[in-house]
Amino acid sequence: MIETIALRKAYAAPLTRRRAGSGDATRSGPVLALDGLDIAIQPGEFFGLLGPNGAGKTTTIGILTTRVRATSGQAFVAGVDVASHGELVRRRIGVVPQRPNPDRGLSVLENLLFHGAYFCLPRAFTAQRSGQLLEQLGISDKADAKVDELSGGQQQRLMIARALLHEPQVIFLDEPTVGLDPQARLSLWEILRTLHRDGRTIVMTTHYMEEADQLCGRLAIVDQGRLLACDTPAALKARAPGETLIDLQLDRPADGASDACRAVPGVSRVDVSDHDVRAYCMRGGEALPGLIKAVEAHGHTVRNINLAKPSLETLFIALTGRRLD
Amino acid sequence: MIDDTRVTASDVFVAMLARDLRVARREIGFTLVRTLMQPTLLMIVFGYLLPKMQMLPRAYVTTLLPGVLAVSLALSAVQSVALPMVASFGATREIEDRLLAPLATHLVALELVVVGVIQGIVAGLIVLPLGRVIMGTVPGLTLSSLGLTLGMMILSASAFSTLGLWLGCAVNVNQIGLMFSFIVAPMLFFGCTYYPWDGLHVVPWLQKAVLLNPLVYVSEGMRGVLTPGVPHMDPAVVAFALTGVTVIAWWFGLRAFYKRAVG
Ligand SMILES: Nc1ncnc2c1ncn2[C@@H]1O[C@H](COP(=O)(O)OP(=O)(O)OP(=O)(O)O)[C@@H](O)[C@H]1O
Ligand SMILES: [Mg+2]
């Protein structure tokens with residue numbers, strides 16, 4: 001029901017001004033935000049998009065919600081082509097943006113009431129549902145406040161209420177829990193689980209592994225506009241190399257030490273980037289002394305050690321070479 | 001779940017109109033000061049004090065009133081579209097809610113233009129009696145052709161409201177000040193607001209050059225319907241020119257709007 005086919009998006013490169021004297025206008029190539037993304041999401045799925053900053057998550061959601069035009073490829077939501085029938089798509093979706101964009105000319109409650117009017121809902125229904133959502137999201141005492149008087153997290157809650165007001169079939173949430181306190185995060189999780197049970201389709205981006213693991217039925221890991229993996233959290237975790245990830249931070253760039261680390265018994269894979277050595281091992285405790293010896297033999301000093309359990313996080317790092325913090 | 005077949009474009013359009021009118025009503029004090037300060041001061045100095053000092057002939061108020069009306073109407077129409085648009089496409093992105101509403105994007109733009117037209121006409125309708133109060137009797141002023149006056153106001157406000165759409169999409173927040181000193185100020189002074197176009201025959205090249213200024217047609221159009229006794233452009237020519245401005249500004253404005261609205 002939601003499908004992207006070979007979706008590409010190139011943002012025009014910012015024009016850098018012609019330098020006086022040098023004569024040639026420098027123009028860095030266009031930014032390729034999406035590079036042939038194929039995703040298929042079934043009706044009723046709770047789907048997660050995971051990826052480091054700049055991976056193309058917001059761009060993907062932008063295209064699916066008709067707010068960004070794809071450079072090439074196709075995208076369908078509720079079986080409708082987003083490029084040619086944007087208005088039909090917008091009837092069926094609710095969107096929580098990455099950055100809150102409430103209507104500042106209106107009060108909190110008016111934001112919801114007018115939103116209801118844009119979707120041609122009966123007034124009584126809108127009023128009743130607005131009150132209910134404000135209550136659920138814990139901002140009913142702010143109903144008559146100006147939007148500017150809300151804190152960042154309260155604005156985020158308002159965005160969630162607004163996206164759910166017209167009871168959309170498909171709900172897109174772009175990092176909805178960033179900026180929410182733990183309690184609000186849990187109550188959003190509860191709301192999302194209920195919606196999922198009701199059969200709505202939910203597409204959510206997040207940086208929180210725990211959240212993705214707990215909520216999503218399936219996850220897509222995206223990096224540099226490409227799909228790296230797409231499966232259930234359990235299946236993805238099973239794909240994480242080794243049992244434990246040992247992350248050694250050295251005093252200087254770690255190049256040269258990787259072969260020695262690879263030779264340590266029990267180490268299944270080693271990635272080196274800058275000052276970091278990441279080793280995936282079968283049993284962390286056994287491999288650790290060997291690893292430290294190996295890097296010290298190369299004249300390095302270990303500054304810090306991190307151990308991570310096998311998880312989405314270790315898979316993510318294995319796939320993208322980056323941490324998600 | 002809500003039945004999505006109940007959504008009709010006209011209902012969504014009206015809801016957005018209601019939103020903008022609600023916000024406009026809330027800001028009415030600020031809006032009145034913004035639109036009325038300049039014409040009031042102008043009319044006090046040029047329409048009341050200077051004629052009273054006999055530094056300007058009494059008949060000058062006949063030239064001034066349609067011009068001041070034209071400025072208020074045009075500025076009000078252009079600002080009420082362009083200023084909020086610059087902000088909502090800039091930092092706040094608050095237009096997003098409407099861009100995500102089930103309405104075709106060009107109708108969202110049209111709604112913004114309609115609000116500008118309404119604000120322009122309201123400004124004109126306030127300035128007219130205000131001028132009469134400040135300047136006393138205006139020789140040659142006829143209010144007999146009220147229908148024609150209203151028609152001319154609608155055409156004028158449409159031209160400047162669509163220009164506001166174009167400007168609001170083409171300009172960034174940090175260019176607003178620049179826009180006013182480079183576009184609006186010359187437009188005002190060469191807009192035949194403080195003198196009739198006919199009088200410009202004393203500088204023939206300038207008389208031709210100002211024809212590029214859309215405000216000229218608003219001023220001359222107002223003269224044609226309010227003070228038909230004094231020299232003025234043929235209202236038919238004015239109507240044609242204002243329609244042309246509207247069509248061109250809508251064409252470019254809509255393209256700019258799409259570019260801003262859909263990334
Ligand atoms: N409007 C824009 N103009 C130019 N480049 C853009 C624009 N929006 C995004 N990009 C670029 O496209 C790439 C993908 O951005 P996107 O916002 O989709 O990433 P993201 O996965 O949502 O990241 P984050 O986790 O930081 O939100 C980035 O390299 C970004 O610089
Ligand atoms: Mg993002």
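Computed from a predicted structure; not experimentally measured. Numbers restart at 1 for each chain; the letters A, B, ... are given by sequence-line order, proteins then strands.
- Residue A/Arg99 does not touch chain B at all, counting heavy-atom pairs closer than 4.5 Å.
- Under the salt bridge (Lys or Arg N to Asp or Glu O under 4.0 Å) criterion, B/Glu111 pairs with no residue, sequence neighbours left out.
- Salt-bridge annotation for B/Arg98 and B/Asp20: present, with a side-chain N of the basic residue lying under 4.0 Å from a carboxylate O of the acidic one.
- Of the atoms belonging to A/Leu106, heavy atoms from both backbone and side chain fall under 4.5 Å from chain B.
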Open item on the list: Is there a side chain to side chain donor-acceptor pair (under 3.5 Å) between A/Ser107 and A/Asp144? Walk through the geometry before answering.
Closed with: CA-CA 6 Å; A/Ser107 74; A/Asp144 297 315; 5.1 Å; no

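- Most heavy-atom pairs under 4.5 Å with chain B: of the set A/Gly105, A/Gly86, A/Gly94, A/Pro97, this distinction falls to A/Gly105.
- Comparing A/Val147, A/Val68, A/Asp103, A/Thr59 by how many heavy-atom pairs each has under 4.5 Å with chain B, the most go to A/Asp103.
- Here B/Arg22 is the residue among B/Arg93, B/Arg22, B/Met16 with the most heavy-atom pairs under 4.5 Å with chain A.
- B/Ala18 touches chain A through backbone and side chain together, each having a heavy atom under 4.5 Å away.
- Geometric assessment of A/Lys9 against the ring of A/Tyr11 yields a positive cation-pi assignment under the 6.0 Å and 45° thresholds.
- Contact of B/Leu103 with chain A is made through the backbone alone, with heavy-atom distances under 4.5 Å.
- From B/Leu165, atom CG reaches atom CZ of B/Arg260 across 11.5 Å, with rounding to the nearest 0.5 Å.
- Residue contact with chain A, scored on non-hydrogen atoms closer than 4.5 Å, involves the side chain of B/Arg26 exclusively.
- Of the listed residues (B/Asp11, B/Asp97, B/Thr105, B/Thr92), the one with the most heavy-atom contacts under 4.5 Å to chain A is B/Asp97.
- Contacts between B/Ser88 and chain A at a heavy-atom distance below 4.5 Å are absent for every atom of the residue.
- With contacts defined as side-chain heavy-atom distances shorter than 4.5 Å, the pair A/Leu192/A/His196 does not qualify.
- At least one donor-acceptor pair under 3.5 Å links the side chain of A/Lys57 to the backbone N or O of A/Pro52.
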